[in-house]
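One structure is given below, encoded as structure tokens.
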Amino acid sequence: VKTIRAGAMDYMPAPLMVDQLLEIVSVQLNEELSFTSHSDPVVDHIFAHAPAIKTREEVALRFGISANTVSSRVRAVASTTFTDFLHVCRLRGARRLLETTSLNISQISARVGFSTPEHFSRIFSRHIGQSPARYRRSILVLDWWVLGVARLAALHRQYRQTWGCLCLLYTSDAADE
């Protein structure tokens with residue numbers, strides 16, 4: 001679902017193929033689970049407290065290890081740098097806030113731990129592929145699209161039930177004559 005909300009529908013051929021959709025969702029889930037399928041308390045701490053963490057030295061001090069060891073452990077688990085991992089963790093929270101609240105970009109930026117809204121927007125665009133404002137608009141469009149599809153499905157069911165009953169009545173009336 002997050003993949004679709006991030007704009008995957010723009011790249012999918014019409015009509016929508018369910019197996020392609022499942023593949024996209026599967027890839028997204030694997031990416032998210034790759035950070036959670038480990039047992040490193042340092043990485044867990046960064047993941048859980050990303051908004052409050054400013055530097056790798058902070059994390060190193062908390063665990064009594066060197067800053068280089070923090071970076072090594074993050075790279076071993078997430079295959080990325082400390083800074084990129086911190087950004088990914090913060091952006092995960094930012095996407096959730098963009099999807100579920102009406103907070104403005106500055107408020108979200110501060111809540112997830114970025115120093116300025118401009119820095120937040122630059123990092124968000126680099127990782128997600130669109131600005132936070134555009135991401136939020138795409139979520140709203142998708143939500144309306146999903147509601148529209150659900151409404152159409154309900155109307156279709158209602159139509160089939162109504163016409164199915166009318167057809168049964170018509171055929172039984174014709175048989176009676």
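Owing to the predicted nature of the structure, the values given are computational and were not obtained by experimental measurement.
- Between R122 and R126, some side-chain heavy-atom pair lies under the 4.5 Å cut-off.
- Residues forming a side chain to side chain donor-acceptor pair (under 3.5 Å) with S71 (at least two apart in sequence, or on another chain): R56.
- Of all heavy-atom pairs between Q130 and S138, the closest is NE2-OG, 3.9 Å.
- Rounded to the nearest 0.5 Å, atoms OH (Y135) and OG (S125) are 13.0 Å apart.
- Every residue meeting the salt bridge (charged side-chain N to carboxylate O under 4.0 Å, His left out) condition with R73, not counting sequence neighbours, appears here in chain and number order: D40.
- Summarising the geometry of I46 relative to V70, their closest heavy-atom pair is CD1-CG1, 4.2 Å, with the distance given to 0.1 Å.
- S109 contributes a side-chain N or O that, together with a main-chain N or O of T116, makes up a donor-acceptor pair within less than 3.5 Å.
- Separating the OG atom in S121 from the CZ atom in R134 is a distance of 14.0 Å, to the nearest 0.5 Å.
- Counting heavy atoms from C-beta on, the side chains of L98 and I105 come closer than 4.5 Å.
- Side-chain contact between R92 and F47: present, with at least one pair of heavy atoms (C-beta onward) separated by less than 4.5 Å.
- To the nearest 0.5 Å, atoms CG (N104) and CG (L97) are separated by 11.5 Å.
- Taking the side chain as every heavy atom from C-beta outward, R75 and T80 never approach each other to under 4.5 Å.
- With sequence neighbours left out, the side chain to side chain donor-acceptor pair (under 3.5 Å) criterion links S106 to no other residue.
- For the atom pair H119 NE2 and H87 NE2, the distance stands at 4.0 Å (nearest 0.5 Å).
- In this structure, the separation between NZ on K54 and OG on S115 is 8.0 Å, given to the nearest 0.5 Å.
- In this structure, the side chains of F82 and V59 come closer than 4.5 Å at one or more pairs of heavy atoms.
- Closest non-hydrogen pair, A50 versus C89, comes out as CB-CB, 3.6 Å.
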Worked verdict on L91 versus V112 for side-chain contact (heavy atoms from CB on, under 4.5 Å): CA-CA 7 Å; L91 292 175; V112 298; over 6 Å; no

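- Atom-to-atom distance recorded for D84:CG and I123:CD1 is 8.0 Å, nearest 0.5 angstrom.
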